[in-house]
Amino acid sequence: MREWNRFTGLLRQEGFLSVQAMKRRWIQVAFVLALIVAVVGCGKTQGKTQKLRDLKFTVLSAEQLPEELKQMMEEKKTESFRLTFTDENILYICVGYGKQPTGGYSISVTELYETENAVYVHTNLLGPTAEEARQKSPSCPYIVMKLENLDKAVVFE
């Protein structure tokens with residue numbers, strides 16, 4: 001900062017910049033920077049994550065899953081996982097929360113929607129009721145959503 005003050009001081013001494021001219025220049029630079037930040041910030045978020053529509057889906061039980069998907073989930077169920085599986089025109093979105101200490105856990109889908117570039121999914125793990133928590137056997141809660149294949153990337157939030 002000292003060097004900058006020396007530099008501007010020399011410019012003022014030589015008559016290149018008056019104090020008023022320097023203040024105007026700084027205001028102009030700050031305005032241009034603010035404008036650039038506003039334009040770039042708005043441009044990045046528009047269209048990429050703007051919701052086009054909520055997606056309809058069906059929650060499937062283990063018995064309704066294709067065998068290949070069942071095997072994949074069986075291998076991963078004790079750890080937290082997020083995976084997708086396509087079968088013809090069907091997209092399966094799977095979310096597992098790994099091994100939990102008791103039974104009674106469930107998963108809610110808070111959002112599942114389409115954007116221009118992707119499908120976004122957000123889920124929450126819901127804890128057991130007091131009665132369900134008394135069950136001492138561990139569980140591995142997961143959810144499988146079945147929907148039409150949109151041929152887009154799936155983003156888990």
Side-chain angles (χ1 to χ4, degrees), residues 1 3-4 7 22-157:
M1 189 66 173
E3 287 77 22
W4 177 252
F7 176 72
M22 284 179 42
K23 286 181 183 178
R24 271 185 271 142
R25 179 65 63 196
W26 278 111
I27 291 172
Q28 290 171 345
V29 168
F31 178 75
V32 169
L33 287 175
L35 187 61
I36 289 171
V37 167
V39 169
V40 170
C42 291
K44 283 190 175 184
T45 59
Q46 250 180 343
K48 305 258 188 225
T49 58
Q50 185 177 18
K51 184 191 298 188
L52 297 178
R53 66 182 175 125
D54 288 319
L55 296 173
K56 294 181 181 180
F57 63 94
T58 304
V59 175
L60 301 180
S61 65
E63 297 81 35
Q64 298 172 304
L65 301 178
E67 274 307 310
E68 189 178 346
L69 179 57
K70 241 189 242 189
Q71 289 173 353
M72 290 169 61
M73 290 180 52
E74 186 63 31
E75 293 171 7
K76 298 177 181 281
K77 73 178 184 180
T78 58
E79 300 297 322
S80 183
F81 68 87
R82 297 169 174 179
L83 65 94
T84 61
F85 181 82
T86 54
D87 184 17
E88 296 178 18
N89 293 331
I90 300 171
L91 172 64
Y92 299 89
I93 300 175
C94 313
V95 179
Y97 282 86
K99 191 173 185 178
Q100 302 299 318
T102 66
Y105 285 86
S106 62
I107 299 169
S108 71
V109 179
T110 55
E111 287 189 299
L112 180 62
Y113 62 91
E114 178 184 11
T115 69
E116 183 180 325
N117 301 321
V119 171
Y120 284 78
V121 61
H122 186 271
T123 61
N124 283 328
L125 178 65
L126 304 174
T129 64
E131 185 177 310
E132 291 170 323
R134 288 188 209 134
Q135 301 171 8
K136 295 298 177 194
S137 60
S139 63
C140 300
Y142 67 86
I143 190 167
V144 178
M145 296 156 273
K146 175 184 169 183
L147 58 148
E148 69 176 291
N149 187 7
L150 300 171
D151 202 26
K152 292 184 179 184
V154 176
V155 178
F156 295 91
E157 294 184 318

For the residue pair T129 and E131, confirm or rule out a side-chain donor-acceptor distance under 3.5 Å.
-> no

Where do C140 and K99 come nearest, in terms of heavy atoms and distance?
-> SG-CA, 4.0 Å

Shortest non-hydrogen contact from F81 to C94?
-> CE1-CB, 4.0 Å

OG1/T110 to CG/N124 distance, rounded to the nearest 0.5 angstrom?
-> 5.0 Å

Identify the heavy atoms of L126 and S108 that sit nearest to each other, and give their distance.
-> CD1-CB, 3.9 Å

Quick one: CD on E67 to CD on Q71, what's the gap to the nearest 0.5 Å?
-> 6.0 Å

For L91 and L150, run side chain to side chain contact (heavy atoms under 4.5 Å, CB included): C-alpha distance rounded to whole Å, both residues' side-chain angles, the deciding distance at 0.1 Å, then the answer.
-> CA-CA 8 Å; L91 172 64; L150 300 171; 5.9 Å; no

How long is the span from the OH atom in Y92 to the CG atom in L60, to the nearest 0.5 Å?
-> 6.5 Å

Do you know the tightest heavy-atom contact between L52 and E116?
-> CD1-N, 3.6 Å

State, to 0.1 Å, how close L83 and M72 come at their nearest heavy-atom pair, and which atoms those are.
-> CD1-CE, 4.1 Å

Interatomic distance, K152 atom NZ to N117 atom CG [nearest 0.5 angstrom] | 7.0 Å

Taken to the nearest 0.5 Å, the spacing of I93 CD1 from L112 CG works out to 5.0 Å

Under the 6.0 Å and 45° cation-pi test, does K51 pair with Y113?
-> yes

Which of these, L125, V121, V95, sits in a side-chain contact (heavy atoms from CB on, under 4.5 Å) with I143?
-> V95

Where T102 and S139 come nearest, the two heavy atoms and their spacing = O-OG, 2.6 Å

From D87 atom CG to E68 atom CD, the distance as rounded to the nearest 0.5 Å = 8.5 Å

Lys/Arg-Asp/Glu bridge criterion (N-O < 4.0 Å) met for E79, K76 | no

Decide yes or no on side chain to side chain contact (heavy atoms under 4.5 Å, CB included) for Y120 and E111, but give the supporting numbers first.
-> CA-CA 7 Å; Y120 284 78; E111 287 189 299; over 6 Å; no

Determine, stepwise, if the pair M73 / V144 fulfils side chain to side chain contact (heavy atoms under 4.5 Å, CB included).
-> CA-CA 10 Å; M73 290 180 52; V144 178; 3.6 Å; yes

